[in-house]
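Only one structure is covered here, and it is reproduced in the block below.
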Amino acid sequence: MYDFKAIESKWRKYWEEQGVYKTPVEPDPRKKFYLLEMFAYPSGDLHIGHFRNYTVGDAFWRYQKMKGSDLLHPFGWDAFGLPAEEAAIKQKLHPRDWTGKNISTSRQTLKDLAISYDWDREVITYTPEYYKWTQWVFLQLYKKGLAYQADSSVNWCPSCKTVLANEQVDSENKCWRCHSEVAKRNLRQWFFKITAYAQKLLDGIDKLEHWPENIKAMQRYWIGRSEGVEIEFKVQGSKSNVSVFTTRPDTIYGVTFMAIAPEHPLVSQLTTSEQKSRVEEYVKKAAAKTEIDRAATGEKDGVFTGSFAVNPLSGEQVQLWVADYVLLHYGTGVVMGVPAHDQRDFLFAKKYNIPVKVVIRPADRQTDRPADQMTEAFTDEGTMVNSGSFNGLVSTEGIRKISEHIEKQRLGTRKTYYRLKDWLLSRQRYWGAPIPMVHCPKCGVQPVPEKDLPVLLPEVKDYIPKGRSPLADEPSFINTKCPKCNGPTQRDPDTMDTFVCSSWYHLRYADPRNDKEPFGKDAVNKWLPVDLYIGGAEHACGHLIYFRFITKVLCDLGYLKFDEPVRRLFNHGMVLDEKGEVMSKSKGNVTSPREIMEEYGVDAGRVAMFFAAPSEAEILWSKNGLVGAQRFLNRVYQLVSGIATLPNDDVRDTRRIASLSEMEELYCRKHRTIKQVTEDIEALHYNTALSALMELVNHIYEIKTLLKHPTRAADYAAFKGIIRKTAERVVLLLSPLAPHLCEEMWQMLGNKESVLKAPWPQYNPSALKLKQVELAVQINGKVRSRITVPTDSAEEDVKKVALADEKVKEMLKGAAPKKVIVIPGRLVNIVS
RNA sequence: GCCGAAGUGGCGGAAUGGCAGACGCUGGGGACUUAAAAUCCCCUGGCCGCAAGGUCGUGAGGGUUCAACUCCCUCCUUCGGCACCA
């Protein structure tokens, strides 16, 4: 067994001393490659999921390096945020100390694993040198009118005592961190107007050719564009109108009621005195429920306001109800109820005996089904009926015609809504970047001038949250002077969501030590966009939207020449335990990279991880794979040890060779392997790259065994050269996957320089084919025989050989085949 | 419910219209060894057969094709995401 401890520490030190990870100062624009893995949240040491993420990236880095790319491969720490604060409170440490300790531990692990990061470019989001520019980003958005304050009913976690973003509340209305029930609360909060970029973010998705389809689909859905019409309904006996948004104007003749959200400001106005107490009671009840509670039951309930509205097209009078299935913050907060063609409206109407009026007839029916026989709404397309002059139109056509009609008659306008909501970024917590704003009693809200950044996060005695930011209780921080009038004023006490910190870090890496600007324009446009971004898919609708947004804003402001941060996104799969469960400290089923490294070595750990599945697939981690990986690596090592001393003969000198076909086969296999490994590494399918290498190694062993036979001593001499060359290729092709051992073997083969400086092997396309090829011969789709023909045989010749085959003749019994299909290089199928 | 991905031996997986199960793990047998470990060689989807060979087989059912794990239709299951978005 190779001495992995000695070999790995030797080469780890070598790479470090040689500075191979350093980023070139002036990258060649044609060769630049920015490889990025999602930076880490430093909670304890790295786990096996990190190990996968970073080794997948590292292998790609080594491959790119050999291809001659100028690489930027940085790393950093997303170190602000709740978990650090929670852990710090528990352990009575300052969050900075807790986080800092974890960073040192994890950084050392990454170095021990020899992950190819340029540590000179490390960033840590909690350092003033970094968050100074996070604050700068905030100010740019503020200047552009993209940061605003608003009172808002927010998700409030009573246990963490903070506001949560929508993404931080799970489907059961529980806090993402502590899993306690999330409540509602009204607070004055800062928002980024990401909705102003909804369309740009959506359009941009189409240009993201090398992003996984599922992430793009999730983002499209999250942005949620829908086109429709906003229509005014007159309220009977009142001057006011209610407007509704609908994507189905073709069903407008089927409106039999209207429903308004309980929180809607119009509710009190629309409620008649007879209904007042009932409505007020309902509104109160609804307010106590969260949106998730309301949706969970599936129950549709509401209360009649006593008022009526008039359908602008049919002139029919419809009841106005309050119903909590209507969302205040989508569309106009009012919906037109079409029970026959919307399932929610249907349930509501059935419950309260509201009429159901059919206006769309399914295409496969001639007559209308009586509305009282319907058991559910008909929501598909169909033909319009009971719709005045629009009868007979197909619904898609009807949507267009009615929309036109409504606009012409000035009854409403076409409109597009998005489900994307603005980004709430205020956090009432200590451990974050302070929001660089002041609230002057005279001048109102004022930005802190850029020259006064950073607004330093002060040391506080007590950062335990009490329902407002601990910064509010720190006089030295909160009291300041107004930048406009110089009078006494107060700072905004809140800190920023950590997603703000991570929304621009990819830019900072291009120029991480710049203390004059967040990044030099030149540096950032030279290195970005990121060429390959590797991380988990859990950020699909969080970070991966936010950083696209910030990139677009900074592009519009003229700082960047690109408006998408990442060319190719790759989501690696999760690492689960043998039972398929998520590894966690509480379950006690975690495996640490350090354990693997010490017991089996870094290379064996990598190979085991890579071989288990393609990088995007989920892995059930078990120690079995490590043994196999070690066995394979040792097999390669033994092979190379045995031939390291062989002469490097000229391969093409075949005069002495007895078995030309064996020689040719090895040569062909070598080139096929180069092709496959290259393509597989490009796709991050390291599992099949490894299996191709295993096959080649097995083949070399086979040949060596054959040549041991006494009668073949002369052949052995002739084979030495090509075996050696093939082994060299194996070492190069394997080196991104098992770098330490391959450096060692490369040196054993007499090379003076690092394997990283060797060029990536190229294959010769003409060497991919053998002179002879074996074809399967099928009769009626079943393999019955095999024939060997020259590779470039004409179809006719192949047919002849196949039909002349003894087994074929026997099966056909002299009958002429109906058809013979020849697939060159693959098979012959005889149809009889 | 909607969107997305997936379903292949005892296990991880390979093959994206052309010989299903590559490669590896596990298991079995053998060689070497005083012995063990390591290493090397052979076998390892089911059924029938002494064997040659035959036959079934990629979640289920249909279809297209000379040929389907692969394409089309219907359905089932699992995972991920979203979830009253009018």
Side-chain angles (χ1 to χ4, degrees), chain A residues 1 171 212-222 224-226 228 244-248 251 259 291-292 294-300 323-327 329-338 341-345 347-348 379 417-421 537-538 540-541 571 573-574 576 578 580 607-608 611-614 616-629 631-632 634-635 638 685 687-695 697-698 701-702 705 774-786 817-832:
Chain A
M1 179 60 65
S171 57
E213 277 311 315
N214 63 330
I215 300 288
K216 293 200 275 185
M218 280 187 221
Q219 292 207 354
R220 282 197 188 98
Y221 190 77
W222 191 258
R225 178 189 164 101
S226 65
V244 296
F245 173 68
T246 180
T247 53
R248 291 295 302 272
T251 64
E291 272 184 18
I292 287 103
R294 294 185 196 178
T297 60
E299 186 79 3
K300 308 280 171 276
D324 71 3
Y325 76 89
V326 181
L327 303 174
H329 292 292
Y330 188 77
T332 61
V334 187
V335 300
M336 58 181 217
V338 187
H341 306 293
D342 181 286
Q343 185 58 20
R344 295 153 299 183
D345 297 346
L347 293 173
F348 191 80
T379 55
Y417 276 98
Y418 300 88
R419 54 197 303 160
L420 185 70
K421 292 196 182 88
E538 66 273 17
C541 297
N571 298 119
M574 294 212 294
L576 306 173
E578 280 165 278
V607 167
F611 191 59
E616 69 272 21
E618 167 183 289
I619 283 181
L620 307 186
W621 180 255
S622 83
K623 282 198 169 178
N624 291 344
L626 287 163
V627 181
R631 205 175 282 166
F632 166 64
N634 197 47
R635 217 167 128 78
Q638 296 304 333
H685 287 174
N687 58 331
T688 41
L690 279 164
S691 71
L693 285 165
M694 286 171 180
E695 280 180 271
V697 169
N698 289 348
Y701 267 95
E702 263 167 49
T705 309
E774 192 189 62
L775 303 182
V777 181
Q778 296 183 330
I779 295 177
N780 294 328
K782 297 204 176 192
V783 180
R784 298 297 180 181
S785 187
R786 296 179 178 279
K818 279 187 198 147
K819 204 173 176 184
V820 180
I821 292 135
V822 177
I823 308 297
R826 300 256 184 200
L827 53 69
V828 181
N829 191 10
I830 299 167
V831 187
S832 67

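None of these values were measured; they are calculated from a predicted model. Atoms considered below: every heavy atom in the structure, side chains included; atoms not considered: hydrogens, waters and symmetry mates. Note on naming: letters A, B, ... go to the chains in the order of the sequence lines (proteins, then strands), and numbering restarts at 1 for each one.
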Closest non-hydrogen atom pair between [X] and [Y], with its separation:
X        : Y        : value
A/Asn571 : A/Pro212 : OD1-CG, 3.4 Å
A/Ala629 : A/Ala608 : CB-N, 3.7 Å
A/Phe245 : A/Thr332 : N-OG1, 3.8 Å
A/Ile619 : A/Ala613 : CG1-CB, 4.1 Å

From [atom1] of [X] over to [atom2] of [N], roughly how many Å is that when rounded to an integer?
X        : N     : atom1 : atom2 : result
A/Arg826 : B/C19 : CZ    : C1'   : 10 Å
A/Tyr701 : B/C23 : OH    : C1'   : 16 Å
A/Leu626 : B/G24 : CG    : P     : 17 Å

Quiz item: A/Asn829 side-chain donor-acceptor pair to B/C66 base, under 3.5 Å: yes
Base B/C19 to side chain A/Lys782, donor-acceptor N/O within 3.5 Å cut-off: no
I'd like the [atom1] distance from [M] over to [N], given in whole Å.
N     : M     : atom1 : value
B/C82 : B/A22 : P     : 39 Å
B/A15 : B/A38 : C1'   : 34 Å
B/C23 : B/G30 : C1'   : 23 Å
B/A67 : B/G80 : C1'   : 35 Å
B/C66 : B/C19 : C1'   : 15 Å
B/G54 : B/A31 : C1'   : 34 Å
B/U65 : B/G17 : C1'   : 9 Å
B/A68 : B/G18 : C1'   : 10 Å

Can you figure out which of [options] approaches the side chain of [X] most closely?
X        : options             : answer
A/Leu327 : B/A83, B/A86, B/C23 : B/A86
A/Arg635 : B/C82, B/C41, B/A86 : B/C41
A/Arg631 : B/G18, B/U26, B/C84 : B/U26
A/Ile823 : B/G18, B/A86, B/C84 : B/G18
A/Met694 : B/C66, B/G24, B/A86 : B/G24

Contact class for [X] (heavy atom, under 4.0 Å): base, sugar-phosphate, or nothing?
X        : result
A/Asn634 : nothing
A/Val831 : sugar-phosphate
A/Val326 : base
A/Arg786 : base

Check: [X] side chain, [Y] main-chain N or O, donor-acceptor pair, under 3.5 Å:
X        : Y        : value
A/Asn829 : A/Val822 : no
A/Tyr417 : A/Thr246 : no
A/Asp345 : A/Val338 : yes
A/Gln219 : A/Ala540 : yes

Measuring to OP1 and OP2 of [N], would you say a side-chain N or O of [X] lies under 4.0 angstrom away?
X        : N     : answer
A/Thr705 : B/C40 : no
A/Arg784 : B/C19 : no
A/Arg220 : B/G81 : no
A/Tyr330 : B/A86 : yes

Distance under 6.0 Å and angle within 45° of ring axis: A/Arg419 vs A/Tyr330: no
Summary of protein contacts for nucleotides 4-14 of chain B, nucleotide by nucleotide, where a base hit scores B, a sugar-phosphate-only hit scores S (4.0 Å, heavy atoms): S-------BSS
